[in-house]
Amino acid sequence: MSVQTLPAQAEKQSEVISYDPGTGDEIGRAPLCSTEEVKAAVERARAAQAAWANTSFRERRRIILRARALLLDERDQVAQLISRETGKPVAEALSMEIVPTLDAMHYFAHAAENLLEPQKIDVGQYALMGRSSRLVFKPLGVIGIISPWNFPLATPAQEVVMALMAGNAVVLKPSELTPLIALKIGELFGRAGLPQGLLEIVTGDGSTGAALIDARVDKIMFTGSVATGKRVAEAAAKYLIPVVLELGGKDPMIVLEDADIDIAARGAVWGAFANSGQACASVERCYVQDSIAPKFTERVVAETKALKQGLGSDSAVDVGSMSNERQLQIVSDHVDDAKTRGAQVLTGGCRATNLPGLFYEPTVLTNVDHRMTIMRDETFGPVLPVMTFKTEAEAIELANDSLYGLTASVWTRNIAKGKRIAELIHAGTVMVNEVVYTHGIAQTPWGGIKESGYGRTHGRMGLLELVSAHHIHVNRVPFLPDLWWFRYSPRGARLFNGLARRFTTGSLVQTSLLLPQIVRRLFERR
Ligand code: NAD
């Protein structure tokens, strides 16, 4: 379906229905795009991309900035839609989705040209032979973006902007739980004057995502769960389609005894409960040094009890509903497993009974350990398990004892120590005295290691995922045959021996000792 023309009335039997998880009310419907519709969308995108690749960065910037101006003008309305479709507070829709998206639009609109400038490569001693190399970056073609429901604007919209600025077309497959926001993204770009076909939105479920891979896009930017990520990588491998996988996390927070306890406690509470804990970078497990554990835990519990939970549309609400029943059930199962194995619930620990929708009370647990699923599997909900440690080495070991490696944080007043420990933690991003938010920084790379995925989005590294690097190599002395060309001879073999011993050291002095042999070889009758 073309963004600009996507009809509201889809065939009755093939729709995805969007609900407000805070109330259970239906808020809209979108087509469940079929394999044929996805294929047609990719073909339209491919047809449009050829001309787009030839536009100047200036022209691309003009359109992105127009879309940005529209988003800025309509931010309240968009924030309401995000809040209704996900259950998150409007405040979070603004601070965690709209602000970073506007920032990334501004950044990539202005910086992409510089970031993708051709680059000279130092070819070492080959330069003395009149050789030079440079990299030029070309768009890949059609980028397929498959996104989840937890940040339905910020996650796909920023990738759309990066892909378009790099000269690609995009086909976006949003989560079946949040199709309306994706359609809104398409509508904003359409009104900003983006040529038809360059941004196609294919709403639907997993089958639509699978069809997008089968339609042979040129790259898949996937954000979602580990299980689906593996399926996507496998399906893409059939066609050798490269994939970036932004998957789940079990992000640790280490609080050392010299940390500012009040600030660390507030950081932990925001890091664990913002977005109802449904962020891939949420604080999923907290390790606090035993000497400060009682005071820290007391502060955490006090902060948690002070949070107001309710419908996202209420501007005084801190914690909204969860986005779907399945996720709420996972949270409930993890907490129950922890309780059965001896965890202590300091606050929360159950579904909120005073609210009608999918609300789980912000929960703080202690007496937890690594046998429990709450410390091993991604919970993706408003739960903060707190465990103690004695030594730095123990904290690092606990943090690294995970299949995941997305983000982590270290809290200390000693920045040098924080940085040293940060380098020992296995994660794509490690923050010192900060949590969660670096996905919102357009300039820095985002992505994980281990089962948190591979590849990067955002920053220069993210932009480079959306282009192919072409190496252009030039010989400026084409009138001389290369030393290693035919014909071979005993003299040639002696020179190759010399090259092996001297040239490969990278030392000009060493190589210059071969000069007489090189000259003889160059003028040898071959
Ligand atoms: P999910 O894996 O269920 O779905 C993600 C997307 O994949 C959806 O659009 C879905 O329709 C699509 N999909 C499902 N099956 C598919 C298939 N076979 N082929 C192609 N596409 C398919 O994830 P979710 O529940 O929507 O999101 C939650 C997960 O996302 C969590 O694990 C979270 O940690 C992760 N996440 C990661 C990041 C990150 O940047 N690392 C950011 C946000 C969310």
Side-chain angles (χ1 to χ4, degrees), residues 15-33 78-90 92-94 96-98 100-101 144-160 172-186 201-210 212 220-229 231-232 245-249 273-282 311-312 319-331 357-360 378-382 406 436 439 446 453 457:
E15 292 177 321
V16 284
I17 304 177
S18 176
Y19 294 98
D20 178 338
T23 59
D25 296 341
E26 178 181 327
I27 52 176
R29 292 177 180 222
L32 195 160
C33 290
V78 177
Q80 292 287 346
L81 177 62
I82 294 173
S83 167
R84 288 195 72 200
E85 209 169 32
T86 60
K88 72 179 74 183
V90 167
E92 284 178 354
L94 280 164
M96 297 180 85
E97 300 233 42
I98 291 177
T101 303
I145 299 177
I146 302 178
S147 56
W149 43 264
N150 60 335
F151 289 102
L153 175 77
T155 299
Q158 297 184 53
E159 289 179 356
V160 165
L172 165 61
K173 205 309 271 176
S175 165
E176 50 274 46
L177 298 175
T178 51
L180 302 185
I181 297 157
L183 293 176
K184 185 73 191 173
I185 296 173
I201 314 289
V202 288
T203 50
D205 58 14
S207 67
T208 316
L212 184 56
I220 292 282
M221 300 293 288
F222 174 83
T223 308
S225 62
V226 174
T228 312
R231 276 200 289 280
V232 164
L245 295 178
E246 301 291 348
L247 309 179
F273 304 137
N275 220 42
S276 266
Q278 301 165 117
C280 48
S282 288
L311 282 180
V319 181
S321 75
M322 297 201 57
S323 289
N324 61 85
E325 183 72 48
R326 205 185 108 236
Q327 198 58 50
L328 194 149
Q329 193 53 50
I330 293 172
V331 173
L358 304 177
F359 292 88
Y360 196 89
E378 186 181 48
T379 306
F380 220 57
L406 188 58
V436 180
H439 186 267
W446 181 261
T457 176

For this session: Determine, step by step, whether T203 and C33 satisfy the side chain to side chain contact (heavy atoms under 4.5 Å, CB included) criterion, reporting the C-alpha distance in whole Å, the side-chain angles of both residues, the deciding distance to 0.1 Å, and the verdict.
Result: CA-CA 6 Å; T203 50; C33 290; 4.3 Å; yes
Problem set entry | From I17 atom CD1 to E176 atom CD, the distance as rounded to the nearest 0.5 Å | 12.5 Å
For this session: Enter the distance from L180:CG to R29:CZ here, rounded to the nearest 0.5 Å.
Result: 11.5 Å
Exercise. Does a side-chain heavy-atom distance below 4.5 Å link H439 with T155?
Worked result: yes
For this session: Could you grab the distance from atom CG of L94 to atom CD1 of I82, nearest 0.5 Å is fine?
Result: 8.0 Å
For this session: Decide yes or no for C280 and E246: does some side-chain heavy atom of the first lie under 4.5 Å from some side-chain heavy atom of the second?
Result: no
Exercise. Do the side chains of I201 and P174 get nearer than 4.5 Å, heavy atoms only?
Worked result: yes
Exercise. Can you tell if the side chain of T223 reaches within under 4.5 Å of the side chain of E159, non-hydrogen atoms only?
Worked result: yes
For this session: Taking all heavy atoms of L406 and all of G248, pick out the closest pair and write down the distance.
Result: CB-O, 4.1 Å
Problem set entry | Side chains of F222 and L247 in contact at under 4.5 Å (non-hydrogen atoms) | yes
Seminar exercise, completed: G277 and S282 have their tightest heavy-atom pair at O-OG, 3.1 Å
For this session: Over 60° means perpendicular and under 30° means parallel, so classify the ring planes of F380 and W149, tilted if in between.
Result: perpendicular
Exercise. Does E92 use its side chain to pair, donor to acceptor, with the backbone of N275 at less than 3.5 Å?
Worked result: yes
Problem set entry | Interatomic spacing from OG1 in T101 to CE in M96 - rounded to 0.5 Å | 11.5 Å
Exercise. What's the spacing between Q158 CD and I185 CD1 if we round to 0.5 Å?
Worked result: 10.0 Å
Exercise. Taking all non-hydrogen atoms of both residues, which atom of P156 and which atom of F151 are closest, and how far apart?
Worked result: CD-O, 3.5 Å
For this session: Measure across V16 and P31 and return the closest heavy-atom pair with its distance rounded to 0.1 Å.
Result: CG2-O, 4.0 Å
For this session: Report the residue from S83, P89, P21 that forms a side-chain contact (heavy atoms from CB on, under 4.5 Å) with S321.
Result: P21
Exercise. With side chains defined as the heavy atoms from C-beta onward, is the minimum distance between E97 and K88 less than 4.5 Å?
Worked result: yes
Problem set entry | D205 side chain reached by L32 side chain, heavy atoms, under 4.5 Å | yes
For this session: Report yes if some heavy atom in the side chain of L172 is under 4.5 Å from a heavy atom in the side chain of S147; otherwise report no.
Result: yes
For this session: Give the minimum heavy-atom separation between A281 and V436, together with the two atoms involved.
Result: O-CG2, 3.4 Å
Problem set entry | Donor-acceptor contact below 3.5 Å, side chain S276 vs main chain G320 | yes
Exercise. What distance separates M322 CE from N324 CG, expressed to the nearest 0.5 Å?
Worked result: 7.0 Å
Problem set entry | Donor on one side chain, acceptor on other, S18 and E85, under 3.5 Å | yes
